[in-house]
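Here the structure comes first, spelled out in structure tokens, and everything after it is commentary.
Computation of the quantities below employed the complete heavy-atom set of this structure, encompassing side-chain atoms and omitting hydrogens, waters and symmetry-equivalent molecules. Order of listing sets the numbers, starting from 1, for every ligand and every atom in it. A quick note: this is a predicted structure, and the numbers were derived from the prediction, not measured.
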Amino acid sequence: MSKKTFSHNFRKLNISQRKDIASEYFNFTEEEKKIFSEEHDLSDLSDVLIESSIGTFYVPLGLASGFVIDGKEYVIPMAIEESSVIAAASHGAMLVKAGGGFNTWASDPIMTAQIFLIDVSQDAKNKILSAEKQIRETCEKLVPNLLLRGGGFRGLEVEAIEMKNTLCVSIHLDVRDAMGANIANTVAEALTPSLKALSNGKVLMAILTNASEHRKAKASFEIPNKFFRKGSFSGEDVCQRIVIANDLAKKYPKRAVTHNKGIMNGISALTLATGNDTRAIEAAAHFYAQNKGAYQSLTSYEYKDGNLIGSLELPLPVGTVGGSISIWPWAQLSLKMLGNPDAQDLGRIAVCLGLAQNLAALLALVTEGIQSGHMKLHAAKTAYSAGARGGEIRMLASKLWSQKTLDPTIAKKLLKEMKEYGG
Ligand code: MEV
């Protein structure tokens, strides 16, 4: 990563200044700078990525800063339409940095292909398990490039489903830097003839599982309580309230789902910015959240020896090559901003972002609430809706803010006065 310091004032600059700073910080080439420009035409690309394309749909892209992950500084691109999320992520990252940064772990990038067999014979499970060598060889012939990159077959499991004579055959594959859905589905479909023969049954279907439970990443931090003092709350109070809020989300699914949605605000925004499959990431996270018997929060917190200790572990099936990632210019630019990580490192970055997001949300929720932080952004949206553009937006928003109103009629009146009298 760059040795330069990322601007502390980034949020306060105007968009063209931010583009200049980002271009300099990440050493964007002239070609890459064009991706920021309005004229960039992605029609052909969108037409090859999806069917019936009529163009592209824009989502705001922002940069969350202040992340120290395993001793390395990161600025994280996030594509998201929701206000406050990027500010919250940066705030959470800053608190974690004060405690020394995030520590992470990531498993090997294992995805699982599944073949569902029905009307199988009694000895089908044993027959399939004894054919592991032959199954491995079939898999490896299908993915020679993956073998060259160090990936390939990593194991076979056969489960009886609670339905008469029905089996699920799971093939675990190390997919290296790919997201892996395509590889897993290719392998699953290619294995159907041999599994049909071995089971003496019928193939119902063959597809990867989005549970992705063997492709996990984990992040943790430890922050002294003095960094949490807020208003009338002592640092210790705030830390204990955060722990209670998390315990509550472990016990009460209707709170857990909102808690986890906040985590995914960050993770999905990074997933989208890097051209990955947001639905796969969400599916895996929510599967994992219910995996201990009941749906619960994905994070863990404890307060020990004056420190708040937080951690998050979840499946993260993200890739850095293949699919739309390798050809979508914004995805390439986002990966460049992250220092071109491999898939495991992208998973580590994503899990830190989710944890930072959750820390900032809980901190706000158990102290002043989240609405006061949102008000300034709502004022900017009201100013935009009233017709303000460019520098007028901030000017009108600060007038609305100082008058403590979001009334659209007042906003229009103030804008008219600003235009007539110049501010
Ligand atoms: C809003 O998008 C996310 C939060 O609701 C998360 C949470 O409640 O923990 C603030």
| request: Can you sort out the partners of F6 under ring-ring contact (aromatic ring centres under 6.0 Å, His included), two or more places apart, ordered by chain and number? | output: F10, Y25
| task | Might you point out which heavy atoms bring S46 and S53 nearest each other, and give the distance in Å? | result | OG-OG, 3.0 Å
| said: Could you check whether K399 makes a cation-pi contact with W401, meaning its NZ or CZ is under 6.0 Å from the centre of the six-membered ring and within 45° of the ring axis? | reply: no
Please tabulate, for side-chain N and O atoms in residues 159-170, each donor-acceptor pair with protein atoms closer than 3.5 Å (sequence neighbours left out).
residue : atom : partner : partner atom : Å
T166    : OG1  : K164    : O            : 2.9
S170    : OG   : Q114    : NE2          : 3.0

| Between the side chain of R215 and the main-chain N/O of Q344, is any donor-acceptor distance below 3.5 Å? | no
Could you pull out every donor-acceptor pair under 3.5 Å between side chains of residues 217-232 and any protein atom, sequence neighbours left out?
residue : atom : partner : partner atom : Å
E222    : OE2  : N307    : ND2          : 3.1
N225    : ND2  : Y303    : OH           : 2.6

| note | Under 4.0 Å from ligand 1, residues with heavy atoms, in chain and number order, are E82, R255, T258, H259, K261, G262, N265, A361, L365
